[in-house]
Amino acid sequence: MRPAAILTAIAGIGTVAGLIAAGGQRLGSAIDPVETAAPTEIHAPPPAPVAQPTTNPEASMHARRVDDASQFYPAVINGKPLERIAAVKPQRPAKAAENRGVDLVRPIAESAGVLAFGDRRLRLAGITPTVADKTCTDSKGREWPCGMLAKTNVRLFLRLRTVRCDLDGADWTGTVTTACRIGTQDISRWLVESGWAEAEKGSALTEAGETARQAGKGIYGDDPRSVAETGTLENLPADLPPDGL
């Protein structure tokens with residue numbers, strides 16, 4: 001071979017070797033040393049210490065939780081810690097008293113103490129009825145028809161209004177004894193307080209009957225139709241109806 005050819009071949013081999021060496025260096029520098037490093041263990045931070053309850057009573061009184069609602073309210077007023085009180089429970093409306101009984105329409109006073117409903121009779125409880133033919137004697141020794149006047153006054157009081165009586169039903173027969181009212185007014189009490197009927201012995205109306213007797217009301221007094229010294233009628237209702245209303 002010619003010397004020139006040999007030199008050219010050697011130069012080519014050297015060039016190739018240099019290129020290979022340069023490529024290896026570039027490849028080595030392209031690898032990230034972090035990725036090829038061995039993985040390291042990651043340690044979690046230690047938990048926060050739990051607050052221990054204080055033994056200082058003053059500090060305990062003033063310690064409180066603070067949230068969005070309470071951060072605007074003071075813990076102490078006038079040097080004294082706030083006191084938590086129980087919430088007031090709303091009061092429930094009182095239940096209405098049981099409205100027992102039945103309504104009876106168009107009662108007719110047969111006497112001062114007995115009401116008639118057709119062929120049925122109702123005797124008012126707690127009183128001794130004043131019979132219609134009873135006569136009384138006034139302070140001057142004169143007799144007057146107190147039974148008839150008592151019945152008339154009861155009819156004026158009732159005025160055919162519906163009464164409510166303590167019965168289980170309105171289908172009784174014969175005569176039944178019970179208490180009756182017009183609104184909140186007990187009829188038996190009205191009769192005794194007005195003096196038109198006597199309280200039954202042992203009745204709760206005994207005291208009211210004694211008060212009426214001492215006051216000379218109703219059958220305990222004079223004839224309300226009598227003419228007083230002034231020449232006017234005494235205690236006579238202006239619309240006094242005839243017997244048999």
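Everything numeric in this text was worked out from a predicted model, so none of it was measured. FYI, the numbering just counts along the sequence from 1. Note that these values count all heavy atoms, side chains included, but never hydrogens, waters or copies made by symmetry.
- Between Trp172 and Phe117, the ring planes are perpendicular. Angles over 60° get that label, and only those under 30° would be called parallel.
- Rounding to the nearest 0.5 Å gives a distance of 9.0 Å between CD1 of Ile187 and CD1 of Ile127.
- Tracing side-chain contacts under 4.5 Å through hydrophobic residues (I, L, V, M, F, W, Y), one reaches Met148 starting from Leu191; they form part of the same cluster.
- Ion pairing between a basic and an acidic side chain is recognised when a charged N comes within 4.0 Å of a carboxylate O; Asp138 and Lys140 show no such pairing.
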Derivation of the side-chain contact (heavy atoms from CB on, under 4.5 Å) call for Leu122 and Val114: CA-CA 6 Å; Leu122 189 150; Val114 177; over 6 Å; no

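- Asp186 and Arg181 are not joined by a salt bridge, as no carboxylate oxygen comes within less than 4.0 angstrom of a charged side-chain nitrogen.
- In this structure, the side-chain contact (heavy atoms from CB on, under 4.5 Å) partners of Arg106, at least two apart in sequence or on a different chain, are Leu160.
- Placement of Val131 and Leu158 in two distinct hydrophobic clusters is found when ILVMFWY residues are connected by side-chain heavy-atom separations under 4.5 Å, directly or transitively.
- In terms of modelled atom types and a separation under 3.5 Å, the side chain of Thr178 and the main chain of Asp166 share a donor-acceptor contact.
- Using a distance-only test at 3.5 Å, with no hydrogens or angles considered, a donor-acceptor pair links the side chain of Ser203 to the main chain of Gly126.
- When all heavy atoms of Ser188 and Ala125 are compared, the pair lying nearest together is OG-O, 2.8 Å.
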Quick one: do Leu115 and Ile108 satisfy side-chain contact (heavy atoms from CB on, under 4.5 Å)? Show the steps, please. CA-CA 5 Å; Leu115 305 182; Ile108 299 296; over 6 Å; no

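- When all heavy atoms of Trp144 and Asp223 are compared, the pair lying nearest together is CB-OD2, 3.3 Å.
- When every heavy atom of Ala208 is checked against every heavy atom of Arg189, the shortest pair comes out as CB-NH1, 4.2 Å.
- Here Thr130 contributes atom OG1 and Glu198 contributes atom CD; the two are 6.5 Å apart, rounded to the nearest 0.5 Å.
- Once rounded to the nearest 0.5 Å, the distance linking CD of Glu207 with CD of Glu193 reads 10.5 Å.
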Apply side-chain contact (heavy atoms from CB on, under 4.5 Å) to the pair Trp196 and Leu149, showing each step before the final yes or no. CA-CA 8 Å; Trp196 294 120; Leu149 265 294; 4.2 Å; yes

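- Checking Ser139 against Asp222 by side-chain atom types alone, a donor-acceptor pair falls below 3.5 Å.
- The main-chain N or O of Gly101 is found under 3.5 Å from a side-chain atom of Arg164 such that the two form a donor-acceptor pair.
- For Asp171, there are no side-chain contact (heavy atoms from CB on, under 4.5 Å) partners two or more places apart in sequence or in a different chain.
- Minimum heavy-atom separation, Ser111 to Pro129: OG-CB, 4.3 Å.
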Full working for side-chain contact (heavy atoms from CB on, under 4.5 Å) between Leu167 and Leu104: CA-CA 10 Å; Leu167 296 171; Leu104 302 175; 4.3 Å; yes

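- For the atom pair CG (Leu205) and OG1 (Thr211), the distance works out to 11.0 Å, reported to the nearest 0.5 Å.
- Summarising the local packing, CG of Asp168 is surrounded by 12 or fewer heavy atoms from other residues, nucleotides or ligands at distances under 6.0 Å.
- Scanning both residues, Val163 and Pro107, for their nearest heavy atoms gives CG1-CG, 3.8 Å.
- Listed by first and then second residue, the salt bridge (Lys or Arg N to Asp or Glu O under 4.0 Å) pairs involving residues 109-132 are Glu110-Arg121, Arg123-Glu200 (not counting sequence neighbours).
- The CG atom of Asp103 sits 8.5 Å away from atom SG of Cys165, with the distance rounded to the nearest 0.5 Å.
- Expressed to the nearest 0.5 Å, how far CD1 of Ile219 lies from OG of Ser194 amounts to 11.5 Å.
- More than 12 heavy-atom neighbours from other residues, nucleotides or ligands sit within 6.0 angstrom of CD on Gln185.
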